[in-house]
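See below for the structure under consideration.
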Amino acid sequence: MGKKAKTAIVPTREENYAEWYQQVIKLADLAENSEVRGCMIIKPWGYAIWENIQKHLDKMFKDTGHKNAYFPIFIPKSFLEKEAEHVEGFAKECAVVTHSRLEDDGKGGLKVAGELAEPYIVRPTSETIIGDSFARWVNSYRDLPLLINQWANVVRWELRTRLFLRTAEFLWQEGHTAHATELEARDETKKMLDVYAEFAEKYLAIPVYKGEKSESERFPGAVATFCIEAMMQDKKALQAGTTHFLGQNFAKASGIRFQNKDGEMEYAWTTSWGVSTRLIGALIMAHSDDNGMVIPPRVAPAHVAIIPIIKDSDQEELVMDYVTSLRDELKDVVFDGRNIEVELDTRDMTFSERSWDWIKHGIPIRIELGIRDIENDSIYFGRRDMEPKEKVSMQRTDFITSISSILADIQNNYYDRALCFRNDNTVEFDDKKEFYKFFTLRNPNTPKIHGGFASAHWCGSPECEEKIKGDLKVTIRCIPEDAKGENGFCINCGAESKRRVLFAKSY
RNA sequence: CGGGAUGUAGCGCAGUUUGGUAGCGCGUUCGGUUCGGGACCGAGAGGCCGCUGGUUCAAAUCCAGUCAUCCCGACCA
């Protein structure tokens, strides 16, 4: 039979999904492990993706009335203790600062000294320290709503880490808002969930399900938690963003009170919401293939790589003049409100090595230009949404005028592919046996990608949820917000149910 | 934090069962031949065999401890 096609990533997704993920990150130069256990070093190509995520999201936050601010990385232990559920939720994974300086230990090393009166917690999230500020900033109903966002790093001392998906330190944004009424706070929670969903679909090209978390999956201290859930190529779910309606829990804990129009004191209603560098993990697992990283053009660090092919030193000047002028011309073209960014790759490598390197990095368009193309004034290029060898030629002027629409086309193709994959692997179940079969490996000795999203009825009891989790390691990812009212019977206990929920294995 | 696996050249690995000169492939350096499809030939360079201790005339190899990484669990964005 035919030989297996050579892939740039070994192993393939099918062969070993977890290892494939690591290799994509490595060969695309996105990030690496650091000397500090569980913490990652984000390399320039990976960080540039984060910068693009930040840029677009930040604009969406500003457009919805939010302002950026910055709060301390250290939280007094007493702050964290104010909200009972909250402290219980985070206590097990906190980095604690207990000393303020180092002293010579007399043996050529250093010892810790200067014990603090009260330990500081390196923020795992900032509800409590921001709440403390809000309590001082809010006095009257005229001070509300208060709409704040912070771009920051947080630390959660995770025991099992994976680059981008779960690291001890990660970068994120956390929105924190305070409102005069419950309705307004609930609307904010909903609005920001819509912002996240729109961002995921339009920029990251990842379709998501929006919905509410069940009680067991709720953020510690929240009244209600909402999320966007995306399907990865191993058919597992990844929570890509969350928003929380905090009720008056944190307002009471931090003392965020205001005088209403009638002159009475009331507690504010607060929300919080966040997305993190985990989105880069989502990008990798939603789009990338056996040849490496795939990055949607709207968040790609660069759109085009130009690879000049120089066979003789006497061609060099001609080719280089041509490619630099092409680069400059491309840089004047605007795609998605941003000038096209070009990598001119003159590294001393064969051009096919350079071409493969850019495939692995996920650049949307690769241009390979030699003397033959230049004589015809044509551009020979490959698209990352097509096979590596499936390349085409186009007249230079045509290429310049159509590059924006080509990039838009690539962006759409990634989304359509991900949407098809997700829809093909989202299945409705009404029979418990079938449901269990869907999530059970045929042969546990040879793990294979299996399962998907299962839409099934749930009576609402934590016991049924727990049973399914215990049996199958499958959890309720969300109660979809657009689920139509439908009578049925709980997939576990058979009791009456009024709506379907989404079950899946998750990251 | 429990179970399993793995740490040997920049990367990927063999060698460990049975202790006795440190190996292979890729990459890299130099020379040559090729040159529009991840080139070929030749010659080099490159190692506290994760770390600490023990056993031994002798340890990559045996023993104890320790650290790190990966996988599976529990926990979580």
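In what follows, every chain begins at residue 1, and chains take the letters A, B, ... in the order their sequences are listed. FYI, side chains are in, hydrogens and waters are out, and symmetry mates aren't considered; it's all heavy atoms of this structure.
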What integer distance in Å separates A/I9:CD1 from B/C11:P? 17 Å
Please measure how far the C1' atom in B/U56 lies from the corresponding atom in B/G50, and state the result in whole Å. 23 Å
Determine whether any donor atom in the side chain of A/D357 lies under 3.5 Å from an acceptor atom in the base of B/G38, or the reverse, and answer yes or no. no
Sequence neighbours left out, what passes side chain to side chain contact (heavy atoms under 4.5 Å, CB included) with A/E198? Give chain and number order. A/M60, A/K202
Hey, does A/K26 reach any base, or is it just sugar-phosphate, or nothing, if we go heavy atoms under 4.0 Å? sugar-phosphate
Whether the side chain of A/R156 engages the backbone of A/R123 through a donor-acceptor N/O pair (distance < 3.5 Å, no angle test) should be reported. no
Mind checking if A/S276 touches a base, just sugar-phosphate, or nothing, with heavy atoms under 4.0 Å? base
Nearest of B/C11, B/G36, B/G38 to any side-chain atom of A/I371? B/G36
Could you tell me which nucleotide pairs with B/G19 by Watson-Crick or G-U wobble geometry, both distances under 3.5 Å, or answer none if nothing does? none
Here's a test of your reading of the structure: between A/Y380 and A/G241, which maps to the more 5' nucleotide of RNA chain B? A/Y380
Roughly how far apart, to the nearest Å, are B/A60 and B/G47 at atom C1'? 11 Å
Would you mind classifying the nucleic acid contact of A/A240 as base, sugar-phosphate or nothing, using non-hydrogen atoms under 4.0 angstrom? nothing
Tell me whether A/R396 forms a cation-pi arrangement with A/Y322, defined as NZ or CZ under 6.0 Å from the six-membered ring centre and within 45 degrees of its axis. yes
Working for side chain to side chain contact (heavy atoms under 4.5 Å, CB included), residues A/W273 and A/H244: CA-CA 6 Å; A/W273 28 275; A/H244 313 293; 5.9 Å; no
Polar atom pairs between nucleotides 66-73 of chain B and protein, under 3.5 Å, N or O only, would you list them?
| from | atom 1 | to | atom 2 | distance (Å) |
| --- | --- | --- | --- | --- |
| B/A68 | OP2 | A/R37 | NH1 | 3.3 |
| B/C70 | OP1 | A/N33 | ND2 | 3.4 |
| B/C72 | OP2 | A/R160 | NH2 | 2.1 |

Distance, rounded to the nearest Å, where A/W151 contributes CH2 and B/A77 contributes P: 19 Å
Is there a Watson-Crick or G-U wobble partner for B/C30 with both distances under 3.5 Å, and which nucleotide is it? B/G42
Report yes if the distance between the aromatic ring centroids of A/F226 and A/F245 is under 6.0 Å, otherwise no. no
Please classify the nucleic acid contact of A/T167 as base, sugar-phosphate, or nothing, using heavy-atom distances under 4.0 Å. base
I want to verify a distance call: between B/G38, B/C75, B/A77, whose nearest atom is closest to the A/R156 side chain? B/A77
Answer with base, sugar-phosphate or nothing: what part of the nucleic acid does A/L238 contact at a heavy-atom distance below 4.0 Å? nothing
What pairs of donor and acceptor atoms, side-chain ones from residues 38-50 of chain A against any protein atom, are under 3.5 angstrom apart with sequence neighbours left out?
| from | atom 1 | to | atom 2 | distance (Å) |
| --- | --- | --- | --- | --- |
| A/K43 | NZ | A/D29 | OD1 | 2.9 |
| A/W45 | NE1 | A/H361 | O | 2.9 |

Does A/T475 reach the main-chain N or O of A/R477 with its side chain, forming a donor-acceptor pair under 3.5 Å? no
Rounded interatomic separation in angstrom, taking NZ from A/K389 and P from B/G38: 7 Å
Just how far, in rounded Å, is P of B/G38 from CD1 of A/I307? 14 Å
